[in-house]
Amino acid sequence: MTVAVVRFGGSNCDRDAVRALEHLGIDAEIVWHRDGLTGDETGIVIPGGFSYGDYLRAGAMAARTPILDEVWAAAEAGTPVLGVCNGAQIGSEGGLTPGAFTTNESARFQCEPVHLRVENPDTPWTAAFEEGEIIEVPIAHGEGRFEITDDRLEELRTDDRVLFRYCDAEGDVTRAANPNGSKDNVAGVLGADDHVAVLMPHPERASLPDIGPTDGQGVLRAFE
Amino acid sequence: MTAYTATVTVRLKGGVLDPEAETTKQALERLGFELEDLRSADRFEVDLEADDAGAAEAQATEMADRLLANPTIHDYDVEVTEA
């Protein structure tokens, strides 16, 4: 029983995800997208990277590969699915989660640590945290600005589908603490079910004590 | 069947920030041009065979719906001409 980390051409956080999960004692292995899923995965990670060279839009091509149908089927059967960074773009392009991730307000690639405020602690991805807790996790993206219509954003808020919002070190959700211009500072959202989530920051890059902060572990513990 | 070219133009919806267009506008201004605003769009020219122009437009519209545009942030239009 293993967590599948789906590799596309251009994925580059796949090995990091496996290493972070294994550090937590969670079995994980890389699955080449054309090989497909077995159906008995205990979880699925769509990792970061630049699948298909970000052609057309980041995530657009990978979101229309056959394995995404299998990811959908697994998600509907209750398997936890996490999309990180390019995986988040793939998830939203594929309709697993609402909204879209598009060009940063700065029009630049940004690689930096950010603070996130835990908005909804009652999900597998945030169960390790308290509501309003502030965690530090890095971002590394050029197209991470969350866009969604005002009506849909209101629905997300009402239904408590926002997982994390960008904030400052004190936990204040401010425009200055918003690294990419995301609407309402949204950094991660849930899909239709609590066990499907995407986020632009990289929990797998904040999970190994030798490297630095380990706040990302709490997100990955959803696969335990 | 007739050969058509369907031109699909995909642009950001009004109100959606376009940082690349803003950067391009600033570069034009640095070159000394005066402009009020600038919008960018992607244009796809699809050569295809169809029974008539309406069928060609329907095919191109489905392409836009399913891949070329992202409905969350984009509007698009389709124009069909005989190739």
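Just so it is clear: chains get the letters A, B, ... in the order the sequence lines come, proteins before strands, and each one is counted from 1.
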*Could you tell me which non-hydrogen atom of A/Arg57 sits nearest to which non-hydrogen atom of B/His74, and how far apart they are?*
CD-CE1, 3.7 Å

*Of all heavy-atom pairs between B/Leu17 and A/Glu147, which one has the smallest distance, and what is that distance?*
N-OE2, 4.4 Å

*Gap between atom OG1 of B/Thr72 and atom CZ of A/Phe101 - 0.5 Å precision*: 10.5 Å

*Once you round to the nearest 0.5 Å, how far does OG1 of A/Thr103 lie from CD1 of B/Ile73?*
7.5 Å

*Could you please spell out the steps behind the side chain to side chain contact (heavy atoms under 4.5 Å, CB included) verdict for B/Leu67 and A/Leu56?*
CA-CA 9 Å; B/Leu67 177 64; A/Leu56 190 64; 3.7 Å; yes

Heavy atoms from other residues, nucleotides or ligands near [atom1] of [X] exceed 12 (cutoff 6.0 Å):
X        : atom1 : value
A/Phe109 : CZ    : yes
A/Arg157 : CZ    : yes
B/Gln26  : CD    : yes
B/Glu29  : CD    : yes

*Measure distances from A/Arg145 to the heavy atoms of chain B and classify the residue's part below 4.5 Å as side chain, backbone, both or neither.*
side chain

*Sort B/Ala21 into side chain, backbone, both or neither according to what part of it lies under 4.5 angstrom from a heavy atom of chain A.*
neither

*Between B/Pro19, B/Pro71, B/Gly15, which has the largest tally of heavy atom pairs under 4.5 Å with chain A?*
B/Pro19

*Residue among B/Leu68, B/Thr23, B/Leu12, B/Asp42 with most heavy-atom pairs under 4.5 Å to chain A*: B/Leu68

